[in-house]
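The structure under discussion appears below in the form of structure tokens.
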Amino acid sequence: PTPTPSPSPSGPPDKVRYAITSEPSGATVVLDGKRVGKTPYKFSAAPGKHEFSLDCGGYARGKGSLSASERNRHLTLGRLPGTPFGVDCE
């Protein structure tokens, strides 16, 4: 006899793919209170709201959040006074 496929589990998935990008790239990503890497940053996590901030020398800190309905975020960081144009994250 042919085996019957098991039904797909119902409910939310275990992990969701998220992505954070910035202009300029290379900003330090602090996700849910932990420093995790630099932009562009991709990760998998449990569904739900995730708070993040982006730090880049010479630019204002960026803040945002991700959720299952908004999984990709791009932030353009504002230059601080005295920061020359074209300066990358330090």
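Bear in mind that the values here come from a model prediction, so they are computed numbers and not experimental data.
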Which atom names give the shortest non-hydrogen contact between L77 and A27, and what distance separates them? CD1-CB, 4.0 Å
Using 30° and 60° as the class boundaries, would you call the ring planes of H50 and F43 parallel, tilted or perpendicular? perpendicular
Correct closest heavy-atom pair for R17 and K42 would be NH2-CB, 3.7 Å
Got L66 and K49 here, is their nearest side-chain heavy-atom distance under 4.5 Å? no
Counting C-beta onward and ignoring hydrogens, is there a side-chain heavy-atom pair between C56 and P24 closer than 4.5 Å? yes
What about V36 and L75, same hydrophobic cluster or not, with Ile/Leu/Val/Met/Phe/Trp/Tyr joined at side-chain heavy-atom distances under 4.5 Å? yes
Please report the interatomic distance OG(S44) to OH(Y18), rounded to the nearest 0.5 Å. 9.5 Å
Does some side-chain heavy atom of L54 sit less than 4.5 Å from a side-chain heavy atom of V29? yes
So, does T39 use its side chain to make a donor-acceptor pair with the main chain of I20 at under 3.5 Å? no
Distance-minimising heavy-atom pair for S53 and K63: CB-CG, 4.1 Å
Applying side chain to side chain donor-acceptor pair (under 3.5 Å) as the test, list every pair that has at least one member in residues 73-86; sequence neighbours left out. T21-H74
